[in-house]
Protein chains: 2
Amino acid sequence: MGATDLETRVLDATKSCCERFGMGKVTIDDICDACGVSRATIYRLFPGGRDVLFEALRVRELTEFFDVLTAGADGVDDIEDLVVTLVVVATRELRADEHLALMLASEPGDVLSQLTVDGFPRIIRVATDYLMPLLAPYLDPRFAEQLIELLVRTVISYFLAPSEHVDLGDPDSARAFLRPGLALLPPRPSERTFT
Amino acid sequence: MGATDLETRVLDATKSCCERFGMGKVTIDDICDACGVSRATIYRLFPGGRDVLFEALRVRELTEFFDVLTAGADGVDDIEDLVVTLVVVATRELRADEHLALMLASEPGDVLSQLTVDGFPRIIRVATDYLMPLLAPYLDPRFAEQLIELLVRTVISYFLAPSEHVDLGDPDSARAFLRPGLALLPPRPSERTFT
DNA sequence: GACGATGAGACACAAACTGTCTTAGTGTCT
DNA sequence: AGACACTAAGACAGTTTGTGTCTCATCGTC
């Protein structure tokens, strides 16, 4: 492999082409030009072509998002703090994502569909994969899964349509908003064995 | 005609589509969507289609440019000051043109061709139309035309490839740069009749 | 020199864009 | 009301462009 991984180069080029032209206008040849790779290579790298390539880009963006998120919640060892931190960091991360903002501005339909309909199951899946290990020490697994899904839905909703009353990017506001729900958290598995 | 002139709306939409997608990617339908006009109307307004439409946009941009330029040189009644002002204002106007910058970044080939080859004769033509009335009081017409052409070439060249020694956007620098040439200006027509 | 990987490009098929046309709807003027 | 000008909507054929698959030449590595 070259100086930078070939797949990485192709995906980077795809991302930048999306920003320049809008997803709907990007052609495979645009991407080839942008990263100096031949078409054959792209089809060899992403068998299935265009759709598979764009899927791969979405997956990469999503996992990058959760890498950053979990890193941002590293070391928090109280369940309430953890939930608040996850919500705050995730919200800030979404707001700071320039690529997301550009795509949201130029092709709202596709992006919204990715965030709320077609792409939503994958988001839940990846979120669960990444966050379950963090919540497992404090919560019953079944409950943790429900909580993760609820948090994802909440963060996305407040990101897309900010509230005048709550700012999930602000720790205090987020904590105040989340506390009523957090108070209802079932006892830890370890405690439950004693009741 | 509607609230805003139909042609204006179409050209505005064309411009904004060029910025979003790049000239090469814009379709007539994109423009229709952007300004809420039907395809038939565009082809009626710009018989000849795509090419004619883009030509019309270039013409509009160019005349707008010289409208601003001549307004910026209004009231200057010394030939040296006038030349310096024209050069400085034109340079600043080029540098401040976001649309131009965007196009230059995304489609250098086409834009450069418009500034230096294919579109150049038109620039000279329009520049002459606009600037001759300003220079006529001071210079022999034949000489004025040569001067205008030289100034256009100079401003464009220094805009595209800035010099380390001269900044044509700065009045002092521009004056120092232009003075040697200005000293050679032939006497005014009114003076010449007396020699 | 053999090998795996990449670039270049031919190819058939599908999709899209263009430019022209017809139709129907809308508002204006008399 | 009726004639008129103007426009949106969209059908249409012809062309261009893009896709995905393929083959073959090239390059660097072992």
Side-chain angles (χ1 to χ4, degrees), chain A residues 1-60 103 106-111 113-114 118, chain B residues 1-60 103 106-111 113-114 118:
Chain A
M1 52 188 93
T4 59
D5 188 59
L6 206 59
E7 182 172 325
T8 302
R9 257 171 61 204
V10 173
L11 290 179
D12 286 344
T14 305
K15 188 175 170 181
S16 107
C17 283
C18 283
E19 291 175 1
R20 284 178 43 194
F21 305 131
M23 247 184 331
K25 298 248 173 200
V26 178
T27 70
I28 304 291
D29 286 321
D30 289 333
I31 299 169
C32 293
D33 293 346
C35 63
V37 146
S38 86
R39 243 168 30 155
T41 302
I42 289 190
Y43 281 100
R44 237 177 266 123
L45 226 47
F46 302 96
R50 208 190 140 86
D51 292 344
V52 173
L53 170 56
F54 278 83
E55 271 302 290
L57 178 58
R58 292 195 198 96
V59 169
R60 192 186 72 164
M103 295 295 92
S106 70
E107 330 222 13
D110 299 299
V111 180
S113 151
Q114 280 302 313
D118 295 334
Chain B
M1 50 187 93
T4 61
D5 186 61
L6 205 57
E7 183 173 324
T8 302
R9 256 172 58 205
V10 172
L11 289 179
D12 287 345
T14 305
K15 188 174 170 181
S16 105
C17 283
C18 283
E19 291 174 1
R20 285 178 42 194
F21 306 131
M23 249 186 327
K25 298 246 173 201
V26 178
T27 70
I28 304 291
D29 285 322
D30 289 333
I31 299 169
C32 293
D33 293 346
C35 64
V37 145
S38 86
R39 239 145 52 103
T41 301
I42 289 190
Y43 280 100
R44 215 177 299 114
L45 226 48
F46 303 94
R50 206 190 141 86
D51 292 343
V52 173
L53 170 57
F54 278 84
E55 271 303 289
L57 178 59
R58 291 194 199 98
V59 169
R60 191 185 72 164
M103 294 296 93
S106 71
E107 330 222 12
D110 300 299
V111 178
S113 151
Q114 281 302 312
D118 296 335

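Values reported hereafter were calculated over all heavy atoms of this structure, with side chains retained and with hydrogens, waters and symmetry mates removed. Owing to the predicted nature of the structure, the values given are computational and were not obtained by experimental measurement. Each chain gets a letter, A, B and so on, in the order the sequences are listed, and its residues count up from 1.
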**Asked** Of all the nucleotides listed (D/dT21, D/dA8, D/dA11), which has the minimum atom distance to the side chain of B/Val37?
**Response** D/dA8

**Prompt:** Hey, is the main chain of B/Val10 close enough, under 3.5 Å, to the side chain of B/Thr14 for a donor-acceptor pair?
**Reply:** yes

**Message:** Distance check needed: D/dT19 P versus A/Phe46 CZ, whole Å only.
**Reply:** 15 Å

**Message:** What is the distance, to the nearest angstrom, from the CD1 atom on B/Ile31 to the C1' atom on C/dG19?
**Reply:** 14 Å

**Prompt:** Counting just side-chain N and O atoms, does A/Thr41 come under 4.0 Å of either OP1 or OP2 of C/dG7?
**Reply:** yes

**Asked** Out of C/dT6, C/dT18, D/dT7, which has the shortest distance to the side chain of B/Leu6?
**Response** D/dT7

**For B/Cys18 against B/Met23, the heavy-atom pair lying closest together** = SG-CG, 3.4 Å

**Request:** Take the protein atom CZ of B/Arg39 and the nucleotide atom C1' of D/dA11, then report the distance between them rounded to whole Å.
**Result:** 10 Å

**Complete:** Atom CG of A/Leu45 and atom C1' of C/dG4 are separated, to the nearest Å, by 15 Å

**Complete:** Among D/dG20, D/dA8, C/dG7, the one nearest any side-chain atom of A/Ser38 is C/dG7

**Asked** Taking CZ from B/Arg44 and P from C/dT23, how many angstroms apart are they, rounded to a whole number?
**Response** 15 Å

**Message:** Test salt bridge (charged side-chain N to carboxylate O under 4.0 Å, His left out) on A/Asp30 and A/Arg20; report intermediate values, then the result.
**Reply:** CA-CA 10 Å; A/Asp30 289 333; A/Arg20 284 178 43 194; over 6 Å; no

**Request:** Nearest whole angstrom, please: distance from the P of D/dC6 to the CZ of B/Arg9.
**Result:** 16 Å

**Fill in**
To the nearest angstrom, the CD1-C1' distance between B/Ile28 and D/dT16 comes to 14 Å

**Message:** Whole angstroms only, please: what is the CD1-P distance between B/Ile42 and D/dC6?
**Reply:** 17 Å

**Message:** I'd like to know if the side chain of B/Lys25 and the backbone of A/Lys25 have a donor-acceptor N/O pair within less than 3.5 Å.
**Reply:** yes

**Message:** What's B/Gly24 touching, base or sugar-phosphate or nothing? Going by heavy atoms closer than 4.0 Å.
**Reply:** nothing

**Item:** Among D/dG10, C/dT18, D/dC22, the nucleotide that comes nearest once only the side chain of A/Ala40 is considered
**Value:** D/dC22

**Item:** B/Tyr43 vs C/dT20: side-chain N/O to OP1/OP2 distance below 4.0 Å
**Value:** no

**Asked** Taking the side chain of A/Thr27 as its heavy atoms from C-beta onward, which of D/dG18, D/dA8, C/dT6 lies nearest to it?
**Response** D/dG18

**Item:** Trace of the side chain to side chain contact (heavy atoms under 4.5 Å, CB included) decision for A/Tyr43 with A/Ile28
**Value:** CA-CA 9 Å; A/Tyr43 281 100; A/Ile28 304 291; 3.6 Å; yes

